[in-house]
Amino acid sequence: MKRRNLMILSGLGLLLASCAASPAAAPDGGRPALPTGVEVRFPAAPANAYLSLLTDDGRSVYQVSVAAGVTSAEVDPARWQSEEKNVQDVTLLLPAEIVAGSLRGSIGDAQARFLRWSMWQDSNTNGVRDSGETLDLMTHDRVAYATQPFTAIFRTTPPDMQQTWQLAAGWSRAEHYVYLPRGGTTYIRSLESAKLQRYTLHVDTPITSQ
């Protein structure tokens, strides 16, 4: 009887040791990654597709591969937060077509950074985004960072457009909205921080798209 109990206890000890060792074998302890809440949506991706977050001069600061046929990808905002160091005065980020004397609002000494999403297909599978590989997909929304809340109201031409940029402090999705009032000749455009961190890539459209 004593020998039988020892065998049971021995087997139980091995089972517990096995269970205790399993989580340690996985780098994340066996837990699934938590959702970030930031997502990019797009038409069904082709083979060898990549989603890239770019600066205005086309430099990639974050990239993730996308499986063929997939229509959305969750992205990790922690991977591009180092771009906070590259902020510029808001006045330097305003369009070159701004009408002199039209700028108003509450900018103060706010600084900001804008990044944009792009998708490309590695057609020659060399791992590099070459000329001609960028897909005809875009969004006027921007990944934005501001050192403090600010509002910039100004007018640009051509075309005749009244614009309002209103960003919250920190990182946000700067949602783009533009329309031409019925019977009007001046477009109304806004770029405003939105809580929903969802970006949608679509076929290229002009900034004055209605």
Side-chain angles (χ1 to χ4, degrees), residues 36-43 45 48-66 72-98 103 107-124 126-152 154 156 161 163-178 189-194 196-209:
T36 65
V38 184
E39 180 186 64
V40 183
R41 297 183 174 185
F42 37 79
N48 304 319
Y50 290 85
L51 185 66
S52 294
L53 186 59
L54 308 177
T55 60
D56 285 338
D57 59 3
R59 179 174 61 87
S60 177
V61 300
Y62 172 77
Q63 184 167 282
V64 60
S65 62
V66 180
S72 68
E74 185 178 281
V75 292
D76 184 2
R79 298 287 298 277
W80 60 77
Q81 288 186 354
S82 61
E83 284 298 306
E84 293 176 8
K85 67 180 182 295
N86 294 320
V87 292
Q88 295 177 283
D89 290 342
V90 171
T91 53
L92 297 177
L93 298 174
L94 297 177
E97 301 82 8
I98 186 170
L103 180 61
I107 299 176
D109 57 357
Q111 295 182 305
R113 180 68 165 164
F114 291 108
L115 303 170
R116 60 185 177 85
W117 289 108
S118 178
M119 179 171 276
W120 60 284
Q121 182 181 23
D122 190 10
S123 302
N124 56 11
N126 67 348
V128 179
R129 179 166 50 92
D130 297 316
S131 176
E133 291 187 332
T134 300
L135 300 178
D136 184 23
L137 296 172
M138 57 82 66
T139 174
H140 290 303
D141 289 356
R142 291 290 182 265
V143 175
Y145 175 77
T147 56
Q148 64 187 55
F150 74 86
T151 300
F154 54 94
T156 52
M161 183 179 295
Q163 302 201 38
T164 300
W165 291 9
Q166 189 169 18
L167 295 188
W171 287 99
S172 67
R173 176 175 67 90
E175 182 178 52
H176 172 267
Y177 183 69
V178 62
R189 181 192 181 217
S190 65
L191 202 61
E192 185 174 350
S193 289
L196 183 62
Q197 289 288 293
R198 181 185 298 157
Y199 301 84
T200 302
L201 297 179
H202 51 77
V203 175
D204 194 10
T205 59
I207 202 168
T208 56
S209 56

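As a basis for the values below, the full set of heavy atoms in this structure was taken, side chains included, without hydrogen atoms, waters or symmetry mates. All values reported here derive from a predicted model rather than from experimental measurement.
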Shortest non-hydrogen contact from [X] toward [Y]:
X: E74; Y: G37; value: OE1-N, 4.4 Å
X: L93; Y: W165; value: O-CH2, 3.3 Å
X: Q148; Y: I107; value: NE2-O, 3.9 Å
X: S193; Y: S172; value: OG-OG, 2.8 Å
X: V128; Y: D122; value: O-OD1, 3.9 Å

So do the side chains of [X] and [Y] get within less than 4.5 Å of each other, counting heavy atoms only?
X: M161; Y: P95; value: no
X: M138; Y: T205; value: yes
X: R113; Y: V61; value: no
X: V38; Y: Y199; value: yes
X: Y62; Y: V143; value: no
X: V40; Y: V64; value: no
X: E192; Y: E175; value: no
X: Q81; Y: Y145; value: no

Find the distance between [atom1] ([X]) and [atom2] ([Y]) and round it off to the nearest 0.5 Å.
X: H176; Y: R189; atom1: NE2; atom2: CZ; result: 4.0 Å
X: D204; Y: T134; atom1: CG; atom2: OG1; result: 11.5 Å
X: F154; Y: T164; atom1: CZ; atom2: OG1; result: 8.0 Å
X: N126; Y: N48; atom1: CG; atom2: CG; result: 10.5 Å
X: T200; Y: E39; atom1: OG1; atom2: CD; result: 8.0 Å
X: R59; Y: E83; atom1: CZ; atom2: CD; result: 4.5 Å

With sequence neighbours left out, write down each residue that passes side chain to side chain donor-acceptor pair (under 3.5 Å) with T55, or none if nothing qualifies.
D57
Side chain to side chain donor-acceptor pair (under 3.5 Å) with R142: which residues, sequence neighbours excluded?
none
Begin from the C-alpha positions of F42 and L135 and carry the test side-chain contact (heavy atoms from CB on, under 4.5 Å) through to its verdict.
CA-CA 11 Å; F42 37 79; L135 300 178; over 6 Å; no
Sort out for me which residue in T91, D89, N86, T147 forms a side chain to side chain donor-acceptor pair (under 3.5 Å) with Q111.
D89
Tell me whether [X] contacts the main-chain N or O of [Y] through its side chain, where contact means a donor paired with an acceptor under 3.5 Å.
X: H140; Y: P206; value: yes
X: E133; Y: S123; value: yes
X: S52; Y: S60; value: no
X: T139; Y: D141; value: yes

For a quick check under 3.5 Å, do R173 and Q197 share a side-chain donor-acceptor pair by atom type?
no
Does the side chain of Q63 pick up a donor-acceptor pair with the side chain of W120 at under 3.5 Å?
yes
